[in-house]
Amino acid sequence: KAGVTQTPRYLIKTRGQQVTLSCSPISGHRSVSWYQQTPGQGLQFLFEYFSETQRNKGNFPGRFSGRQFSNSRSEMNVSTLELGDSALYLCASSLGVVGETQYFGPGTRLLVL
Amino acid sequence: TQLLEQSPQFLSIQEGENLTVYCNSSSVFSSLQWYRQEPGEGPVLLVTVVTGGEVKKLKRLTFQFGDARKDSSLHITAAQPGDTGLYLCAGGDRGGGSNYKLTFGKGTLLTVNP
């Protein structure tokens, strides 16, 4: 069974631009969670989508948004990029049962100049 | 806001040595997970502990959940270069129904030198 895939793997943007990241979960998984990882703050939860609905949300500004499609693939969008948005963005998928194991993708490394 | 403090932040040891990594919080968690992350990859789950006082062993790795479910430790015996990586602990909180969240510590970066 294929693992979680994320595209693109690397991205360079400039301040003020917007970016869209994509995540394809493991086949059969209906939950996708997004995390931001930085050296200073570690891994921080952004949001979770389950069956095309946002089920849970972290403490990030509204510039960070996401959506999930009927095939469970998910996208994350960051508008008006800031230098501090440079990070590794990870998505994780699971079947959707609360508390069960999440499987992480390799991440998208975003650099904002 | 729940916080998980991991210590030490960095650890560099020689092959064959033993080590312990700690994960502490002032909050109670319903479960505690340990992950290992290698460069260029996402975290991979090593173990989940759910009962206070629980001890789990995975080959040379021993995981313990504190009696009060606020802290955990990871002990590695006879470390090998393949153990090198970022070790993350994550606390699970059943805030209510679908509001289950994982709170991650900042990690311990372990380097095992041959």
Side-chain angles (χ1 to χ4, degrees), chain A residues 2-10 21 23-26 29-60 68 87-109, chain B residues 1-10 21-25 27-51 56 58 63 65 69 85-109:
Chain A
V4 178
T5 58
Q6 293 187 244
T7 56
R9 292 294 308 275
Y10 304 93
L21 312 181
C23 173
S24 293
I26 292 172
H29 284 191
R30 296 168 63 192
S31 169
V32 173
S33 297
W34 288 90
Y35 295 84
Q36 181 195 66
Q37 186 176 30
T38 60
Q41 298 299 319
L43 257 159
Q44 293 185 288
F45 173 74
L46 283 154
F47 31 66
E48 181 207 3
Y49 284 85
F50 177 76
S51 293
E52 302 179 63
T53 301
Q54 188 180 87
R55 184 162 72 170
N56 213 344
K57 189 177 185 304
N59 298 319
F60 277 80
Q68 187 179 33
L88 180 67
Y89 290 89
L90 293 158
C91 80
S93 78
S94 69
L95 288 169
V97 175
V98 172
E100 64 162 351
T101 300
Q102 297 182 356
Y103 296 87
F104 283 84
T108 293
R109 186 162 295 282
Chain B
T1 302
Q2 295 178 309
L3 292 174
L4 275 168
E5 301 286 341
Q6 283 190 245
S7 62
Q9 189 176 355
F10 301 97
V21 174
Y22 299 93
C23 177
N24 296 296
S25 175
S27 303
V28 175
F29 291 99
S30 59
S31 66
L32 201 296
Q33 300 180 343
W34 284 93
Y35 292 81
R36 184 172 72 204
Q37 184 177 19
E38 299 185 20
E41 300 295 331
V44 174
L45 180 67
L46 296 173
V47 76
T48 300
V49 285
V50 296
T51 305
K56 280 192 175 179
L58 185 65
F63 305 86
F65 201 11
R69 290 187 289 135
L86 179 68
Y87 288 81
L88 296 159
C89 66
D93 175 34
R94 293 182 178 275
S98 60
N99 287 330
Y100 181 88
K101 280 187 191 178
L102 278 180
T103 300
F104 281 84
K106 293 185 181 180
T108 293
L109 186 59

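Every chain is numbered from 1 and lettered A, B, ... according to where its sequence line falls, protein lines coming before strand lines.
- Looking at B:Glu38, there are no atoms closer than 4.5 Å to chain A (heavy atoms on both sides), in backbone or side chain.
- Residues B:Gln33 and A:Gln102 bring no donor and acceptor atom of their side chains to less than 3.5 Å of each other.
- Shown here is A:Gln54, whose CD atom has more than 12 heavy atoms of other residues, nucleotides or ligands within 6.0 Å.
- Contact of A:Leu43 with chain B is made through backbone and side chain together, with heavy-atom distances under 4.5 Å.
- For a residue to count as touching a neighbouring chain, one of its non-hydrogen atoms must lie under 4.5 Å from one of that chain's; by this rule A:Tyr35 touches chain B with the side chain only.
- With B:Lys106 contributing its side chain and A:Pro39 its backbone, the two residues share no donor-acceptor pair below 3.5 Å.
- Every residue two or more places apart in sequence or in another chain was checked for a salt bridge (charged side-chain N to carboxylate O under 4.0 Å, His left out) with A:Arg109, and none qualifies.
- Looking at A:Gln37, only its side chain comes within 4.5 Å of chain B, counting heavy atoms on both sides.
- With a 6.0 Å radius and a threshold of 12 heavy atoms from other residues, nucleotides or ligands, A:Phe60 has its CZ atom above the threshold.
- Residues A:Tyr103 and B:Leu45 fail the side-chain proximity criterion, which asks for heavy atoms closer than 4.5 Å.
- You'll find the ring centres of B:Tyr35 and A:Phe104 inside the 6.0 Å limit.
- Counting heavy atoms from C-beta outward, A:Leu88 and B:Gln37 have side chains that approach closer than 4.5 Å.
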